[in-house]
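Below you'll find the structure, written out as structure tokens, and then a few comments.
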Amino acid sequence: MAEHVSVSQISNYVGQEVTIKGWVYNRTDKGKLVFLLIRDGSGFIQCVAFKGDLEPEVFDRVMRLPQESSVIITGPVREDKRAPGIPGGYELGLKQIEIVQEAALDYPMSLKDHGVDFALDHRHLWIRMQSQWAILKVRVRVMSAVREYLDSHGFFNLDTPILTPAAAEGTTTLFETPYFDEGSAYLAQTGQLYNEANIFSFGKVYCFGPTFRAEKSKTRRHLTEFWMLEPEIAFCDLDGLMEVEEGLITHIAQTILRDCAAELKFLGRDVSKLENIQAPFPRMSYDDAAKYLIDLYEKETDPERKELLKFEWGMDFGAPHEVELTKLNDKPLFVYGYPSAVKAFYMEPWPGRPEVCKSVDLLAPEGYGEICGGSERMSDHDALLARIHKEGLPEDAFKWYLELRKYGSVPHAGFGMGVERVTAWLCGIEHIREAIPFPRTIKRVYP
RNA sequence: UCCUCGCUAGCUCAAUUGGCAGAGCGGGCGGCUGUUAACCGCUAGGUUCGAGGUUCAAGUCCUCGGCGAGGAGCCA
């Protein structure tokens with residue numbers, strides 16, 4: 001009885017007979033020779049059947065095996081440069097095959113291109129394809145790299161509630177759901193406020209989970225349900241926060257380069273762009289960024305582009321502005337010190353410049369734009385209360401949050417990182433909907 | 001919410017600008033001992049998103065509706 005091995009480990013078994021369990025990804029028959037490309041979850045490997053090696057009826061079934069049939073195959077592992085697959089370069093001679101299920105003939109996903117609509121309607125099958133498998137495997141490693149880094153740097157993972165009583169950042173983007181006799185609850189759009197409570201017990205914490213925004217955003221950078229990492233740190237200022245961010249992003253990028261080399265290669269990613277991702281990252285003030293963008297706007301001659309690049313101090317960056325800023329470097333770029341008016345109510349004002357707050361966004365290079373947004377939080381009770389009043393927010397709902405500033409308040413800071421945006425950037429893909437197994441967008445909750 | 005675009009075979013797309021509904025892939029049958037989304041031959045497969053309208057004639061033009069995509073705003 002041959003040992004059952006996973007495709008990802010196949011290089012350790014050259015010359016030995018092994019068993020793999022998986023699915024037929026593609027089949028090519030060539031007379032007395034059949035190539036099956038088998039995927040088993042850990043990788044893709046070619047199996048080769050020679051007519052002379054098998055009973056005629058077995059060979060005939062192999063030659064007709066429909067795509068996606070589930071199989072258990074036993075045979076010798078060979079090294080062969082011609083063999084396709086991920087990682088590729090190895091193949092299995094087919095000696096024995098057990099067909100667990102011969103798949104129906106009407107499998108809808110061909111290996112050719114599909115339209116977006118069709119692919120998304122068949123997401124439950126699309127995730128079997130090499131490209132999607134490679135992207136999602138990068139996502140998995142991004143998520144474990146996040147935990148590795150934070151857990152080894154003194155952070156505690158304390159997750160925050162998904163059902164929450166009120167808005168943290170305004171009421172227009174919340175999903176509402178009935179909640180027994182309490183009226184309505186809302187799906188969390190951030191865990192930050194609860195993180196701020198947790199740091200006074202644990203010092204350095206993070207929450208990591210799904211988050212929900214009912215924004216009517218219809219772009220390649222938006223989902224209504226996405227995964228966000230939110231670290232929060234006591235006794236931390238804006239500079240300290242940027243150091244954590246660049247350390248984390250460096251660790252993620254270098255981990256993916258090392259552990260997902262085969263996936264990045266399959267995706268055609270230019271890995272030289274990722275090799276540059278090493279701390280420290282360049283830092284630019286909002287003021288300098290604004291000057292640069294205004295200059296760019298004034299020099300632009302194409303009327304259509306000029307309209308898109310329109311900018312003046314006080315505005316938040318649009319996607320075209322972010323793209324221009326990310327062109328300045330081959331590393332992620334910190335932009336700090338945004339106008340308070342375009343940011344959330346809880347951000348600490350800049351000393352001596354109340355119109356600016358101690359906020360920082362991290363923009364990924366190659367035009368990918370914002371992957372992290374964070375700030376130093378307001379630590380003074382009265383200043384925070386005044387800001388809550390100014391924003392017209394219900395004081396009652398923030399009673400507990402205000403209390404955090406009464407009992408041992410300290411400077412503290414935190415940020416949010418979008419998992420799908422980071423994954424899409426590292427993979428070099430166009431749209432973040434491919435960076436989550438089952439994307440939720442404004443037009444889709446199926447499948 | 002606004003702007004732009006799309007909807008034709010299971011899938012990806014053509015169809016001379018109003019004149020017989022086509023191809024590749026996928027399926028079926030046959031061939032081939034190194035294929036890389038194989039290739040070659042044969043074959044089946046259509047309510048052209050829906051409803052109206054113009055016309056001798058509509059996939060094509062007009063009106064309304066549906067669905068989706070890209071972008072803006074907003075954000076991670």
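What you see is a predicted model; the values in this text were computed from it and never measured.
- The separation of rG28(B) from rA9(B), taken at their C1' atoms, amounts to 16 Å, rounded to a whole angstrom.
- Arg82(A) and Gln46(A) share no side-chain donor-acceptor pair at under 3.5 Å.
- Atom C1' of rU43(B) sits at a distance of 16 Å from the matching atom of rG24(B), rounded to the whole Å.
- Residues of residues 309-318 of chain A having a heavy atom closer than 4.0 Å to RNA chain B, listed by number: Asp316(A), Gly318(A).
- Within 4.0 Å of Leu229(A), counting heavy atoms only, lies no atom of the nucleic acid at all.
- For rG30(B) and rU47(B), the C1' atoms lie 34 Å apart once the distance is rounded to whole Å.
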Subject >> Sugar-phosphate or base contact per nucleotide [nucleotides 29-34 of chain B; S, B, -; heavy atom under 4.0 Å] >> reply: SS-BBB
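- One atom, NZ of Lys343(A), and another, C1' of rC75(B), lie 9 Å apart when rounded to the nearest Å.
- At whole-Å resolution of the value, CG in Leu65(A) and P in rG27(B) are 12 Å apart.
- No engagement by Met417(A) is indicated, since no non-hydrogen atom pair under 4.0 Å with the nucleic acid exists.
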Subject >> Base-pair map of RNA chain B as dot-bracket, where | denotes pairing with a different strand and pairs are Watson-Crick or G-U under 3.5 Å >> reply: (((((((..((((.....[..)))).(((((.......))))).....(((((..]....))))))))))))....
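- Less than 4.0 Å separates RNA chain B from no heavy atom of any residue of residues 331-341 of chain A.
- The nearest heavy atom of RNA chain B to Ala119(A) and to Thr28(A) marks one nucleotide each, and the one closer to the 5' end goes with Ala119(A).
- Going from atom CZ of Phe281(A) over to atom CG of Leu333(A) covers 10.5 Å, rounded to the nearest 0.5 Å.
- Nucleotides rG46(B) and rC13(B), compared at atom C1', are 15 Å apart to the nearest Å.
- Taken from NZ in Lys331(A) to CG in Asn276(A), the straight-line distance is 7.5 Å, to the nearest 0.5 Å.
- Atom P of nucleotide rA76(B) and atom CE of Met347(A) are separated by 7 Å, given to the nearest angstrom.
- Residue Pro320(A) is in sugar-phosphate contact alone, with no base atom involved, counting any heavy-atom pair closer than 4.0 Å across all strands shown.
- Atom C1' of rA15(B) sits at a distance of 9 Å from the matching atom of rU60(B), rounded to the whole Å.
- Glycosidic conformation of rU17(B) is syn; the angle stays within 90° of 0.
- Per the geometry, CZ belonging to Phe415(A) stands 11 Å off C1' belonging to rA76(B), to the nearest Å.
- For the C1' atom pair drawn from rA76(B) and rG22(B), the interatomic distance equals 47 Å after rounding to whole Å.
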**OP:** Can you check each nucleotide of nucleotides 65-70 of chain B against protein heavy atoms at under 4.0 Å and return B for base, S for sugar-phosphate only, - for none, in 5' to 3' order?
**Re:** ---SBB
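- With salt bridges taken as basic N to acidic carboxylate O contacts below 4.0 Å, none links Glu263(A) and Arg141(A).
- Partners of Lys81(A) according to the salt bridge (charged side-chain N to carboxylate O under 4.0 Å, His left out) rule, which considers only residues two or more places apart in sequence or in another chain, do not exist here.
- Taking 4.0 Å as the cut-off between side-chain N and carboxylate O, Glu434(A) and Arg139(A) do not count as a salt-bridged pair.
- Residue pairs that meet the ring-ring contact (aromatic ring centres under 6.0 Å, His included) test with at least one member in residues 125-145 of chain A, sequence neighbours left out, are Phe44(A)-Trp133(A).
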Pair up each side-chain donor or acceptor in residues 317-329 of chain A with any protein partner under 3.5 Å, not counting sequence neighbours, and list the distances.
{"from": "His321(A)", "atom 1": "ND1", "to": "Gly318(A)", "atom 2": "N", "distance (Å)": "2.9"}
{"from": "His321(A)", "atom 1": "NE2", "to": "Leu309(A)", "atom 2": "O", "distance (Å)": "3.2"}
{"from": "His321(A)", "atom 1": "NE2", "to": "Lys310(A)", "atom 2": "O", "distance (Å)": "3.1"}
{"from": "Glu322(A)", "atom 1": "OE1", "to": "Glu370(A)", "atom 2": "N", "distance (Å)": "3.1"}
{"from": "Glu324(A)", "atom 1": "OE2", "to": "Arg305(A)", "atom 2": "NH2", "distance (Å)": "3.0"}
{"from": "Glu324(A)", "atom 1": "OE2", "to": "Lys327(A)", "atom 2": "NZ", "distance (Å)": "3.2"}
{"from": "Thr326(A)", "atom 1": "OG1", "to": "Val323(A)", "atom 2": "O", "distance (Å)": "2.9"}
{"from": "Thr326(A)", "atom 1": "OG1", "to": "Gly367(A)", "atom 2": "N", "distance (Å)": "3.1"}

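- Rounded to whole Å, the separation between the C1' atoms of rC56(B) and rC20(B) comes to 16 Å.
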**OP:** Give the intermediate values and the outcome of side chain to side chain contact (heavy atoms under 4.5 Å, CB included) for residues Val419(A) and Val146(A).
**Re:** CA-CA 10 Å; Val419(A) 169; Val146(A) 160; 6.0 Å; no
Could you pull out all donor-acceptor pairs under 3.5 Å where a side-chain atom in residues 424-432 of chain A meets a protein atom, sequence neighbours excluded?
{"from": "Glu430(A)", "atom 1": "OE1", "to": "Arg220(A)", "atom 2": "NH1", "distance (Å)": "2.4"}
{"from": "His431(A)", "atom 1": "ND1", "to": "Arg433(A)", "atom 2": "N", "distance (Å)": "3.1"}
{"from": "His431(A)", "atom 1": "NE2", "to": "Arg433(A)", "atom 2": "NH1", "distance (Å)": "3.4"}

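- On the C1' atoms, rU8(B) is 14 Å away from rA58(B), given to the nearest whole Å.
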Give me the distances for all protein-to-nucleotides 48-50 of chain B N/O pairs that come in under 3.5 Å?
none

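- Annotation: side chain to side chain donor-acceptor pair (under 3.5 Å) contacts of Arg269(A) (sequence neighbours excluded): Glu366(A).
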I'd like a list of close polar pairs between nucleotides 4-11 of chain B and the protein, N/O only, cut-off under 3.5 Å.
{"from": "rC11(B)", "atom 1": "O2'", "to": "His114(A)", "atom 2": "ND1", "distance (Å)": "2.9"}

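- Neither side chain, Asp361(A) nor Tyr286(A), offers a donor N or O lying under 3.5 Å from an acceptor on the other.
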